[in-house]
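Source: prediction; values computed, not measured.
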Number of protein chains: 2
Amino acid sequence: MTDRSHAAGKPIRTAISDEDGIDFAIIELLFFAYRDFTSDPDQILADYGFGRAHHRVLHFVNRRPGLTVAELLDVLKITKQSLARVLKQLIDTDHVVQLQGPRDRRQRELYPTAKGRALALALARPQSRRIHAALGDSGITERTLVERFLEAMVNPELRAQIDVGSAKMSGKSHGEH
Amino acid sequence: MTDRSHAAGKPIRTAISDEDGIDFAIIELLFFAYRDFTSDPDQILADYGFGRAHHRVLHFVNRRPGLTVAELLDVLKITKQSLARVLKQLIDTDHVVQLQGPRDRRQRELYPTAKGRALALALARPQSRRIHAALGDSGITERTLVERFLEAMVNPELRAQIDVGSAKMSGKSHGEH
DNA sequence: AGATTATGTCAGTACTATTGACGTAATTTC
DNA sequence: GAAATTACGTCAATAGTACTGACATAATCT
């Protein structure tokens, strides 16, 4: 099994480090940080028979109540078919409700129920605790620094999807002007 | 379809914000940042018929040449069966080679080939560019701040897996003393 | 009336992951 | 030296999340 016949390449024994100025340290840290960050809610979700997809839908429905199916697809960057099953389960279990769009009756505006809001909060709580602990541990007094870095990591053309201050989307939600 | 009969919960129309002091802003930013961060290499991987799992294996084999299968499983937090197919493909395509462990011949030490190293670099390049651009855009002069924050986001008991300075793991690799 | 839009749904597929079971070879323990 | 343990590989079955393509319905726009 260890034979490397048939012209296999020779093993490279030196670790990749900063060749070509690649920032492997932060690349790797992002992997570890995100891995553990998402592991928090995963255990709660398992109790409901839900997965990460449910979490993401629930999160954005709570953050932007009244968003339409099309808007949700755009934020999540998934297809209609992928969303269908997940959204249906959330509606069947009374975490999310659909309302006919007032202006356009074809649209379905999505809203959380009290149950859906409670679950969203329960899922966010351990994640928020982790963030606050991390800010404290790393001695970063200005959380703005982390916010700015993360925002700058997002594709420029997609930054419109973000509402950092949660102020832009208080009254009416989307694309109003 | 918009009937909410059978005792459905009432829609909540106010956006979740900072109730209970939950840090929704950073929670959401982490989602967006990671979504776009991983989208970079995905396109390159598609050309090889590979997925994110291949990328992760390739990354760690390059970062810690000579790690064993068991160590890799521990870092990735997946099962042997999940790794099997992915690793086999990387070996068959001559990106990774296995060598018999010198001390323990049951072990398979994993090393990148020149081909595997080249691919790892190609995958890391756009991610590194994004990170540097983000550090610049956000006006963070000290990259240490971001590193410290991300490291603090990782579960304390798992921080041993990280080698930030890529200095800890130069000569001998893993689990010494 | 006809085209377009928003949504839902069906069929088929792919990738990544899971658990459980079993086999083999090497090492360790007694 | 025999027995137990360890490291790895593999087979079978299953689940969650995603994909493409196609089609249907209702509402709106032209």
Most 5' of A:Thr79 and B:Ala70 on DNA chain D, judged by nearest nucleotide: B:Ala70
Between D:dC8 (C1') and B:Leu72 (CG): distance, integer Å: 13 Å
Nearest-Å distance for atom pair CZ/C1', residues A:Arg35 and C:dT16: 17 Å
Nucleic acid footprint by protein, nucleotides 24-30 of chain C - heavy-atom cut-off 4.0 Å, B for base, S for sugar-phosphate alone: -BBS---
Any residue of residues 81-90 of chain A with a heavy atom less than 4.0 Å from an atom of DNA chain C: A:Gln81
Aromatic ring proximity A:Phe50/A:His95, centre distance under 6.0 Å: yes
Inter-residue atom distance A:Arg56.CZ - A:Leu83.CG, 0.5 Å rounding: 11.0 Å
With A:Asp104 via side-chain contact (heavy atoms from CB on, under 4.5 Å) - residues at least two apart: A:Arg106, A:Gln107
Which residues share a salt bridge (charged side-chain N to carboxylate O under 4.0 Å, His left out) with B:Asp47, sequence neighbours left out: none
Rounded interatomic separation in angstrom, taking CZ from A:Arg108 and P from D:dA26: 11 Å
With sequence neighbours excluded, residues passing salt bridge (charged side-chain N to carboxylate O under 4.0 Å, His left out) with B:Arg129: none
A:Asp137 CG to B:Met153 CE distance, which is reported to the nearest 0.5 Å: 11.0 Å
Whole-Å gap separating P (C:dT7) and CD (A:Gln98): 9 Å
Nearest-Å distance for atom pair NZ/C1', residues B:Lys80 and C:dT16: 18 Å
Between D:dC29 (C1') and A:Gln107 (CD): distance, integer Å: 14 Å
Joint hydrophobic cluster, A:Val57 plus A:Ile91, side-chain heavy atoms closer than 4.5 Å: yes
For A:Ile22, side-chain contact (heavy atoms from CB on, under 4.5 Å) partners two or more places apart: A:Asp20, A:Phe24, A:Ile27, B:Leu121, B:Ala124, B:Arg125, B:Ser128
Inter- and intrachain pairs under salt bridge (Lys or Arg N to Asp or Glu O under 4.0 Å), touching residues 80-90 of chain A, at least two apart: A:Lys88-A:Asp92
Sequence-distant partners of B:Arg117, salt bridge (charged side-chain N to carboxylate O under 4.0 Å, His left out), two or more places apart: A:Glu19
Ring geometry between B:His59 and B:His55 (parallel below 30°, tilted from 30 to 60°, perpendicular above 60°): perpendicular
By salt bridge (charged side-chain N to carboxylate O under 4.0 Å, His left out) - contacts of B:Asp36 (at least two apart): none
Identified stems (criterion: three or more consecutive Watson-Crick or G-U pairs, under 3.5 Å), DNA chain D: C:1-30 with D:1-30
Residues in side-chain contact (heavy atoms from CB on, under 4.5 Å) contact with A:Arg35, at least two apart in sequence or another chain: A:Phe31, A:Phe32, B:Lys77, B:Leu158, B:Gln161
B:Asp42 side, atom CG; B:Leu123 side, atom CG - distance, nearest 0.5 Å: 9.5 Å
Strand-adjacent residues in residues 38-59 of chain B, judged by heavy atoms under 4.0 Å from DNA chain C: B:Gly51, B:Arg52, B:Ala53, B:His54, B:Arg56
Nearest-Å distance for atom pair NZ/P, residues A:Lys77 and D:dT20: 13 Å
Atom pair distance, as rounded to whole Å: CG in B:Leu73 and P in C:dT19: 12 Å
